[in-house]
Amino acid sequence: MDRPARLASTDEPAVDRDVAAQHVEGPTTSGHHNVVAESSGRSPRRPGRTTSILVAAAVGLVVLASLSDFVAKSLVIGATENAALVLAALGFALLYRLTGLLNVAYAETITLGGYFAVWLSSSLGWGFYAVVLPAGILAGLLSVGTYLAIFRVAKRRRVGDLEMIAMSFGLSIFLRHGLQFIFGYQVQFFDIAPPDTISVLGVGVPSFRLLALASVALLSILIYQFIQRTRYGLQIRALASNEGLAQASGVRPLTVTLLIWFVAGLAGGLAGAFYGVGSSVSPLLGSRQLLLVLLVVLVGGIWDLLGVVWVGVATGIALTAMTLQFGDGLYSSLVLIFAFLAVLKVRGRRLTAGTKV
Amino acid sequence: MAEPSAPPILEVDGLHSGYGDVPVLKGLDFAVDSEVFAILGANGAGKTTLLATLARLLPVTDGSIRLGGKDVTAHPASETARLGIGYVPQEAAIFPDLTVFENLSIGGMIGERPLEQGLEEVFETFPDLRDKVGLRAGDLSGGESRMVACGRALMQDPSVLLLDEPTAGLSPLYVELFFQKIAEIHSGRGVTIVLTEQNATLALGVADRVMVLSLGLGSEVMTAADVTTDRLKEAYKL
Amino acid sequence: MGDQRRSSIRVEQVQKSYAGRMVVDVDELVLGDVPIEGLLGPNGAGKTTLMRMVMNSVSPDAGRITLNSSDGSTTTLSSLPTHKMAHHGVVKSTQVITDFDQLTILDSMLLAVATTGHEFPVRPGAERSLMSANEDEIRSYLERFGFADATAIAMSAGEKKLLDILRCLLLKPSILLLDEPTAGLPDEVTAKVLEVIRELAADGTSVVIVEHDLDVIWELCDEVTFMAEGRVLMKDDPASIRANATVIEKYLGAGHG
Amino acid sequence: MSLDWLDAFLVSGTFGVVEIVGLGLLLHLQVGLTRIANFGVVGFWGLGLYTFGVLYVQVDWPFGEPWQFLFSALAASLAAALAGLVVAWLIADLDSDGALVGTLGFSAIVLILATTQDQLTGGALGLGGLGFPYDLGTTKANELLWLALMTALVGLILGYVWWVHRTPYGRLLIAIGSNEPLARSMGKHTTGAKLTLFAITCGLMGLLGAMHGVMVRFLDIGSLDVGITLAALAGLILGGTARVWGAVIGVLLTVGLFDIVIQFYVPLPQEWFTQAIPVLREAVFGALLVVVLLFRPQGLLGQMRRSKLIRAMHDG
């Protein structure tokens, strides 16, 4: 995923504008043809096309699932157990895309989302679904807090890329172990009734997992829609696409940046709560998922935000399919890490060229 | 022309600017009133740097910029945009991942004017855009994306429009169309236009006054009617 | 003009387009067959892209770029990795002003003169021999360019630019491509740089220079290649180029011939 | 010789400090000079530790000590060097984000393999049977000698780092770290230099892992968590990434302070040591990273000092 292309690139001296500002017309006589070619030559990509292909693929998989037990299990368990991965990756990708920061401390936003939910649930006596959103909001506020207290200051002090990552790594570990002081060392569980099992495509799934899947899907759609459809979402995308041009169009960077950190934190916190209700909440909840989130974002982000969602879904299903096959989850992680690293080697973002030689 | 007592719409005083510690502009003075003001100059003269500095995207190392008498030297770009500067850079002038409608909406987010009214005015100027609103801006042709870029700036309801090489890379028919539109925007809406142009002949067709930049220094401001080939050749060092 | 055989770069049928726009379309061009050659043209002429294709940091869509060395050998440049360019004597100054922010001026110069053998992880005494073998040359350049303290890190844009040119010289190029060598330099330093370029050219190096300060082009170059819209329009001596109606037209626009 | 006056934990604590100093020094070459973000130090170290342990215990060697140790340690170093080569190749063209994910991914792979291949490594249960390649009679004496050997090895690494700073090779690494494209345009084979660097330094990290295995005499996957990476990184950054002595000073002030001074000389309730102190230690190291990078990114010792170095070399 490209970092926002800076307008009038502030860090590059005045250079010959040859490359992009090419005057391409041939002799003047061909001018008329060019106009025709320009207005009708290229047929713009239809946004609906990709979606319909994916829908067709999904339908195909469901049909396949009804025929094969293995496919059915992979699909259903993969989707329900790893649903939160998509949410987490979406939030992380948003942050990465706008700020260019690979925020390792995002792991703790996820963890804290889980803890906030447990804490609210046990102290207020509310049910899980009543505390999910407040927990997400708290995680969002925490995310904004870390931006204001640390990353904003760091950016102003012109801390380098490598140092930024080291800082987020340090913050991650500080929060992770700080959590152990605050919340204790015990693994915590949500107090929920023993679930009923519902059969989907012939695979038994606990009811709350289905609800969690539905909620995660709904929240992912909501967050995606917020980014794609609303006024603030538009400003977020504009700022991510071209920071300078967005500012010159009147977009106030601080407001929008705070919003990004909040939405990213919200998504992470919600993911944490759903991870937590699926198994348990522990200080390592987020950091166990971090590598997978990082890989999904880096690989999916080669395309765009929707790419992150699809790579996330595919990863979840592949993880389950391989676990079913090998009988051990660790092997599937191993295969996935190798696969992702291979993709990164081939298509990953290149070293930024400090010098155009 | 404004009343003698009124301050010029845009006033630049001893402007120094550049990238990092590389100076590009080395002391520019000029004032722009309600007019079409063209900045000429060869490749590398600092035209793009000047407009980006006026849009407040590059730091001013010395000197000042005043907009309608108000000092905006220390303002960030998002605030000068709200004060009435519309900026169309030469490169990366659109958000390629956003649709045409979204590109225009970004410009329409400031000010009191309802979005529909702004859109209507943009479509009046660029009718071609009307049936392209749903397309991804990055998929448009060069001329169309230039229209989107201009339209986005017009949506801000600017008092000054900064156009960086508005016709570079366009086919001759588009070039003619664009200069016509520029004249229209100025006369029809009273928007002051500051544009840079490498091709002196084209600029002289539309501009009221011109200034030639060479290696970060400006020549005296010439009224378009007074410009001769020899004066131009001298300013261009040809 | 020197009579000795010079290294030159031959560009044949080279095309490059970005997003459907033809940026460079050169049928045939020989760069470096005169001591100092200028590359001139308005915005979008394709000069920078052409230079980048020569250095193989951008690959052409079609065509061939070859190096004809002064010793008579021929090398296809587009198959060379960037770091091997300098080994074949093709060196280009950086277009963007840049430097090693941790290396002193002397470090930078020693880096340029060090060969691969010196930089092997285990080789005792390498530093000492490197310094003693190149001491005289380094000292003379330092003095000439007015670097008072070689153990400082280059700070100002002017210093960085000068150092960049110095590094290019120390690499002993047979063809030196200079992209705006005098941009951002004070006049007295510009004069020094031009003087060194002239000397280098007189010693047999072919210099190809892109420059926005036209005064420098008119004064320095033996021949000027004029490009516009990706094509080479003419190659002639500076005076003829300067007086040419097409050149004036391309710079000022039609009607100012 | 009676060593009763010596606390056994002081020996192992000091051993840990010396070991992290060694890792910090190697990390200094990677991060401080060449600016490749290696967040997977534990992976290379752990690969060395486990390769050594598994070979030492599981292979039926036809010869005795010290050859058994030497062969296993050599194989461990080579395995780590090879892994370093592969990881460096993987991330050579990628930016810091790619380097982070590549090295982090590698350390995760090592952890997963150590866990899953339990018939070899003992998995989560651990694997015993490692020992010193000599016997001086008492465990304490054996450990003390091993500490001395480790100190000598880290001393050699320090000497190597010091020497690298003073050679054209070191200059090339610094040039790559501060502007790789420029170095490449000057005819330097930067990718080659990065691969060589990673092979050497990661191989040495693997050797340190093998040394660690002998000292603890037990393979435990708990040692493959983020702690080692964090300690080396926090120490290096506190001391100063760009300076030879940065890792030494920094690690003494962090790991030394926590593992020796606090554990031995501060009277704290006994129950803190099992849970609170290790957690507090990591939290402090993490916070330290943030604070130091925010307020003094160059560390306590400050910027690289080329000018003095150069002057000393060429004027003297």
Side-chain angles (χ1 to χ4, degrees), chain A residues 3 96 100-102 104-105 149-150 153-154 157-181 185 283-284 287 290-292 294-295 297-299 328 330-331 333-334 337-338 340-342 344-345 348-357, chain D residues 31 35-37 39 87 89-102 104-109 111-113 115-116 178-186 225-227 229-230 233-234 237 241 275-276 278-295 297:
Chain A
R3 251 164 238 224
Y96 183 45
L101 173 67
L102 210 58
V104 179
I150 295 168
V153 185
R157 298 177 73 103
R158 295 175 180 279
V159 171
D161 280 1
L162 199 161
E163 281 79 6
M164 244 356 177
I165 296 179
M167 268 177 72
S168 75
F169 179 73
L171 178 67
S172 163
I173 289 179
F174 172 70
L175 288 176
R176 188 188 309 167
H177 292 89
L179 286 183
Q180 298 193 23
F181 271 115
Y185 311 113
L284 291 177
S287 47
L290 182 74
L291 185 64
L292 208 53
L294 276 176
L295 289 167
V297 168
L298 248 66
V299 170
D328 187 342
L330 287 174
Y331 281 115
S333 308
L334 201 63
I337 294 172
F338 276 120
F340 278 131
L341 290 182
L344 272 186
K345 173 69 189 171
R349 194 168 67 188
R350 303 287 108 178
L351 204 67
T352 41
T355 318
K356 302 236 167 52
V357 181
Chain D
V31 177
R35 305 215 18 110
I36 304 174
F39 288 87
V87 172
W89 169 78
L90 183 71
I91 62 176
D93 304 332
L94 302 178
D95 58 8
S96 309
D97 302 344
L100 166 79
V101 175
L104 218 54
F106 171 71
S107 60
I109 289 171
L111 176 59
I112 291 174
L113 284 178
T115 315
T116 54
S178 51
N179 197 335
E180 188 175 347
L182 182 56
R184 200 179 287 149
S185 81
M186 289 169 69
D225 75 1
V226 76
T229 308
L230 175 71
L233 197 64
I237 284 178
T241 50
Q275 291 201 310
V279 171
L280 184 71
R281 173 179 182 263
E282 311 281 285
V284 168
F285 287 0
L288 203 68
L289 272 182
V290 176
V291 173
V292 171
L293 287 173
L294 211 49
F295 296 105

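The figures that follow rest on heavy atoms only: side chains count, while hydrogens, waters and symmetry mates do not. So that the names make sense, note that chain A is the first sequence line, chain B the second, and so on, each numbered from 1.
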Please classify the contact between A:Leu341 and chain D as side chain, backbone, both or neither, with a heavy-atom cut-off of under 4.5 Å. both
Could you check A:Glu163 against A:Arg158 for salt bridge (charged side-chain N to carboxylate O under 4.0 Å, His left out), going step by step and ending with a plain yes or no? CA-CA 10 Å; A:Glu163 281 79 6; A:Arg158 295 175 180 279; over 6 Å; no
Chain A contact via D:Leu90 - side chain, backbone, both or neither, heavy atoms under 4.5 Å: both
Which bit of D:Leu280 comes within less than 4.5 Å of chain A, counting heavy atoms only: side chain, backbone, both or neither? both
Which atoms of A:Leu291 come close to chain D, meaning under 4.5 Å heavy atom to heavy atom: side chain ones, backbone ones, both, or neither? side chain
Between D:Ile91 and D:Ile36, is there a side-chain heavy-atom distance shorter than 4.5 Å? yes
Below 4.5 Å from any heavy atom of chain A, which atoms of D:Phe295 appear? Answer side chain, backbone, both or neither. both
Within the 4.5 Å heavy-atom criterion, are A:Leu298 and A:Phe340 side-chain neighbours or not? no
Could you tell me which portion of D:Val291 (side chain, backbone, both or neither) has an atom closer than 4.5 angstrom to a non-hydrogen atom of chain A? neither
Against chain A, label D:Leu294 side chain, backbone, both or neither, depending on which of its atoms sit under 4.5 Å from a heavy atom there. both
If you count heavy-atom pairs under 4.5 Å between each of D:Val284, D:Leu293, D:Leu113 and chain A, which one has the most? D:Leu293
Intermediate values then yes/no, side-chain contact (heavy atoms from CB on, under 4.5 Å), A:Leu344 and D:Val101: CA-CA 9 Å; A:Leu344 272 186; D:Val101 175; 3.9 Å; yes
